[in-house]
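Okay, structure first, notes after.
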Amino acid sequence: MGESTCCSTDQTARDRAAAQLTPGTRLHGFDLIRSEEVPELDANAYVMHHGASGARLLYLACEDENKAFAIGFKTPPVDDTGVFHILEHSVLNGSAKFPVKEPFVDLIKTSMQTFLNAMTYPDKTVYPVASTNEQDLLNLMDVYMDAVLNPAIYAKRAIFEQEGWHMELDEGGSGADAASTNDASAGDHSAGDAGSNAHAGSGLRYNGVVFNEMKGALSDPMDVLDNAMGRALFPDTAYACESGGNPRAIPNLTYEQFLDTHARHYNLANSYIVLYGDLNADRVLAFLNDRYLSDAARDAAAAAKREAGTLVENPGAPNPLERQAPVVCEYQRVEMATTPENALVGMAYVLGCALDRKRTIAADILFEALLGSNEAPVKKAILAAGLGGNVVSYTDASCLQPYELIILQNAQPEVAREFRRVIEDECRALVEQGIPRDRLEAVISSNEYDLRQRDYGMADGVAIACDVLSTWLYDDDAATLALKYGPVYAELREELAGSYFEDLLRELVLESEHCALVDLAPREAASDDDPSIVRLPADELPSRDEVAANVATLRTVQETPDTPEAKATLPRLHVSDIGPARPEPALTVDTLTPLPCLKHDIPTHRLAYLMMYFDLTHVSYAELPYVSVLARLMKQLGTSRRSAAELDSYIGSNLGFLAFAPEVMAQPNWKLARPVLTVAAGALSEKIDMLASIPAEVWGETVFDDTDRIRDVLTQMRIGMEQSFLNAGHQAALARSWSYVSPAGVVQEKLGGVDFYRFLRELLEHFDERVDDLRDQLRELQQRIFTSTGTVASFTGSDEDYERFWTVAGTMDLVERTAAAKELYVPVPEPKREAFIIPSDICFVAKAADPRAMGIAMDGTWGVAATVLSYDYLWNEIRVKGGAYGCGFRAIADRQLSFYTYRDPAIDPSIERIAEAGSWLGNFEPDAQDFEGFIVSCVAGHDAPLKPYALTRRQNAEFFTKRPVHWREELRADMLAATPEKLRALGDDISRVAQEAPICVFGGRDVIERSRAGLVPVDLLA
């Protein structure tokens, strides 16, 4: 039973697994509990248990070359210290077998990984990796398994201090070590914006990567509301705690508690292992057993720990994960210092148990039908009541008791109870009168399209491993329950004929015994309740000398390079392991179709994708913001054939998606830009006719008469942009900085950046007096843009679908433009050194340049340099030492060079460290193995497989930006030919970019005011 089976190499992954894992098999210590087919994934599932260690394992055998591994642990918190989040960071900072400082970063720099990360959930922590190379996956598994089971945290307290928290001297925000300015003292704090903690007294502050990350996260009112909702719904369980950590509680975590928590939770009996893809099961299971799971492997690890004095004997049981008895929170108010526009109200309903998949999926469909668009009946009723600017909702199905959270954004004062009344009154009417079946059918069809497309935005195996744990974590017999959605959808379609959905709505909302109403009210002054206000204890403060000595010790650890012996322990791939580049699917330009068409030869699993690119070079600069408004209003308003509600259901029932958005295509001449309005749609192969007719109806027949709905959509755009400034401020800062040097960036800002945001706010402030002119402008642009002049189509699908599409589509009712073109005059870019104030306690810093304008020639060597700078110099200087959550250097082919930081505690120290990047690179002297790893990683990223739609978009962008036919092959060849000498030669150019690229910052007022960089503060949201 324990013998391995030899298999022919021409077998499929599923056939090979079936031969190796037969009923009753014990293979390398793993007992096969059961096997079953998972048609939803074109996979076979093998559920196993490792008798010696207690580890659970699920292998999903399928033909995906992008293989994946994940190990997860049940980790329900008991407080807000964020201990599991800090552990997630910390265990990847060295282990017994791999005693380097940061094997996680080393793997990013040197492996062929297509995904490498870790995630902390409210009740679990997951460590997933993916690679297209099986040996590389084994290498990644080796490092991750040793990291979670045998981490260096027991011997190196500095890891806890770096990733969690430590004290530093407050030097007023200048100097390298003063980068981490999260002020804290025993003295009083003054009133001000969130994060403006002006303290007196001790002259000390807290710092740490997770500490700063959560300072940024809990500057977002949506996160604060979500946490408050967890406390209201689940007051007696782990879900009442902030699993990421509340900055006010993080410093309460002691090093001893940190170690105890790891010892109790990071053990194999508390683990869940997932394998996915085209793997040799015999090889992988033997690897896990021999190195980590067998009695011999575990005894050896325990002996080594005992000798080192780090073994924890009988650590105790993991924290329990209990189910919350039903509770009703009639009303709870929380306050935070933020802008009035950030007022929120949340109403949540618990759906039942995660193991009741039919109920959870049905509830998700139900609430999407009722709240998923402006025409959904419950959302429409809330907007009509004038209670706020927008309504968003989501189903949280990743916890023991899934719930639906409905959020009113930009809420009016004192409307919480009215918000609940409107929801429940509308639900009552729907229960009595019936839920429109076209809405339910549309959601079911849309979900089924997404399930067939399987585009998770990351390696499939990683997303699937996380989905698996949404049921497996709560029942050992539910390892595949989350994957078996096919029969559930078939059953729910049958339920449309009866009253199932009305009965479910009555139970979940009208008869709920487990729900909560939470009101988040903004206030101008910060208070002790705000996560951004972190105060040192009034007594037992260490002396300044003691703190300085501790920081000096920490810096010594951070700055001491790994020894050659330690580095030699890391598994490595060689350039020879990469293999040849995958052939690029063909792209042909078909000029015989009714409209010029980019035809893509990409397998799509019986899906089809249409993209239409409408030329905008005839639109004036002043008109560009109206183009963005026009694009957003498409499909939000009715057409001459259908009301907005009818159109919404019609699109959902017949298309997988339909999207309108402006884009800017950079051109070889850096002074030129080509803006286009892109229309993208996807459909099942059997609905090709709808792929032709629906987009044409929307762009050709949309009616702009519903001014209330137009105002609603514009308000939702404003709220969405404000959220992005808070959560993705580095992207906004990069785009703004780019506009200081690039005409393309200027155009992009007018279409969707700060300039557009200002236009939008001004338009809404004067909406009533401008709405008639706005509608006239939109109608005129609609007639001028949606023509055949300069329009290019793109199609991805089978040859049969291609022929069928053009037979049905013809010209899609497009005719030549007759209106006179307007001149697109783009203002000359100019640096502005802006620092945009947002309600946050951290900042985002960006510097961007166009190498062509600076006379800098680029090739693929720059891609290697970007990897080196991002994951060596900047990571160590800005994240490890400075405490920022993220940072990087980007080299986008020959079009853009940029630096950025993410959730950064201070501005000036990061600028100083960026300024030294070129000098550092100019003296870069890696050993041969390290440098080869950089090349392997860079080329692997270049070669990473893409889903059909993402590959379509990339190929189209290359066409419109006029890339040479073989430019990707040339970039790859340059990467492979890179040498340390070639990288050092880039040092002067990097220094020029760091010096000359203009800066832009998004951040809290206090952080900006502490800077001495000569920035111009701009109160963006005022």
Side-chain angles (χ1 to χ4, degrees), residues 14 34-45 47 58 60-62 351-372 376 394-395 397-398 402 404 430-431 434-456 460 463-464 466-468 470-472 474-475 477-508 604-608 648-657 682-691:
R14 297 175 75 176
R34 70 177 186 277
S35 62
E36 55 196 272
E37 186 176 358
V38 185
E40 292 86 348
L41 301 178
D42 297 320
N44 290 343
V47 181
L58 171 65
L60 294 165
C62 61
L351 309 179
C353 176
L355 300 177
D356 189 345
R357 293 296 291 169
K358 178 180 177 181
R359 186 179 180 89
T360 302
I361 292 173
D364 184 43
I365 292 169
L366 174 64
F367 284 108
E368 178 66 19
L370 302 185
L371 290 147
Y394 65 88
T395 304
S398 64
E404 185 73 21
L430 290 165
V431 168
I435 302 166
R437 278 342 191 224
D438 62 339
R439 299 208 60 80
L440 292 169
E441 289 173 354
V443 175
I444 291 173
S445 295
S446 179
N447 287 3
E448 288 178 332
Y449 173 91
D450 291 340
L451 293 170
R452 184 188 293 187
Q453 183 173 237
R454 298 182 200 164
D455 191 347
Y456 303 103
D460 288 8
I464 290 167
C466 295
D467 285 346
V468 161
S470 67
T471 56
W472 195 16
Y474 316 121
D475 188 335
D477 293 328
T480 61
L481 183 61
L483 308 178
K484 298 296 191 71
Y485 48 76
V488 176
Y489 273 90
E491 191 174 343
L492 290 175
R493 278 197 176 276
E494 293 179 0
E495 297 285 13
L496 291 172
S499 62
Y500 174 84
F501 284 97
E502 285 79 9
D503 294 341
L504 182 62
L505 181 59
R506 182 179 63 254
E507 293 173 20
L508 294 180
T604 60
H605 305 293
R606 295 178 294 114
L607 300 176
D648 191 45
S649 296
Y650 189 62
I651 292 172
S653 296
N654 293 289
L655 295 179
F657 68 92
L684 302 175
S685 177
E686 50 267 33
K687 293 195 174 181
I688 286 294
D689 56 334
M690 296 297 179
L691 195 61

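Treat the numbers as computed from the prediction; the structure is a model and nothing was measured.
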Atom OG1 of Thr395 and atom CD1 of Ile361: how far apart are they, to the nearest 0.5 Å?
-> 11.0 Å

Taking only residues two or more places apart in sequence or in another chain, which ones pass side-chain hydrogen bond (donor to acceptor under 3.5 Å, both in side chains) with Asn44?
-> Arg14

Rounded to the nearest 0.5 angstrom, the CG-CD distance for Leu371 and Glu404 is 7.0 Å

I'd like a table of donor-acceptor pairs (distance under 3.5 Å, sequence neighbours excluded) in which one partner is a side-chain atom from residues 482-490, with atom names and distances.
residue : atom : partner : partner atom : Å
Lys484  : NZ   : Glu36   : OE1          : 2.6
Tyr485  : OH   : Glu40   : O            : 3.4
Tyr489  : OH   : Asn447  : ND2          : 3.1

Identify, with sequence neighbours excluded, every residue that meets side-chain hydrogen bond (donor to acceptor under 3.5 Å, both in side chains) alongside Ser398.
-> Asp396

Taking side-chain hydrogen bond (donor to acceptor under 3.5 Å, both in side chains) as the test, write out the residues that go with Tyr500, two or more places apart.
-> none

Salt bridge (Lys or Arg N to Asp or Glu O under 4.0 Å) involving Asp438 - partner list, sequence neighbours excluded = none

Can you name the salt bridge (Lys or Arg N to Asp or Glu O under 4.0 Å) partners of Lys358, sequence neighbours left out?
-> Glu491, Glu495

Who are the side chain to side chain contact (heavy atoms under 4.5 Å, CB included) partners of Ala478, not counting sequence neighbours?
-> Leu355, Thr471, Asp475, Leu481

Which residue pairs pass the salt bridge (charged side-chain N to carboxylate O under 4.0 Å, His left out) test when at least one of the two sits in residues 359-368, sequence neighbours left out?
-> Arg359-Glu507

Indicate yes or no for a side-chain donor-acceptor contact from Ser470 to the backbone of Asp467 under 3.5 Å, with no hydrogens or angles considered.
-> yes

Looking at CD1 of Ile365 and CG of Leu492, how far apart are the two atoms once the value is rounded to the nearest 0.5 Å?
-> 5.0 Å

With sequence neighbours excluded, what pairs up with Asp42 under the salt bridge (Lys or Arg N to Asp or Glu O under 4.0 Å) test?
-> Arg454

Please list, chain by chain and in numerical order, all residues satisfying salt bridge (Lys or Arg N to Asp or Glu O under 4.0 Å) with Glu686, sequence neighbours excluded.
-> Arg452

Closest non-hydrogen atom pair between Pro402 and Cys353, with its separation | CD-C, 3.7 Å

Checking Arg437 side chain against Ile435 main chain: does a donor-acceptor pair fall under 3.5 Å?
-> yes

Side chains of Met690 and Leu684: closer than 4.5 Å at any heavy-atom pair?
-> no

Those residues at least two apart in sequence (or on a different chain) that pass ring-ring contact (aromatic ring centres under 6.0 Å, His included) with Phe657 are Tyr949

Are the side chains of Val468 and Thr480 in touch, meaning some heavy atoms are under 4.5 Å apart?
-> no

Does some side-chain heavy atom of Leu655 sit less than 4.5 Å from a side-chain heavy atom of Lys687?
-> no

In this structure, CG of Leu430 is separated from CZ of Arg506 (nearest 0.5 Å) by 13.0 Å

Are Arg439 and Val443 side-chain neighbours, meaning at least one heavy-atom pair lies under 4.5 Å?
-> no

Qualifying residues under side-chain hydrogen bond (donor to acceptor under 3.5 Å, both in side chains), relative to Ser446, sequence neighbours excluded = none

Heavy-atom closest pair, residues Leu58 and Ala479 = CD2-O, 3.6 Å

When rounded to the nearest 0.5 angstrom, what distance separates OG in Ser499 from CG in Leu505?
-> 12.0 Å

Rounded to the nearest 0.5 Å, the CG atom of Leu508 sits from the CG atom of Asp503 at a distance of 10.5 Å

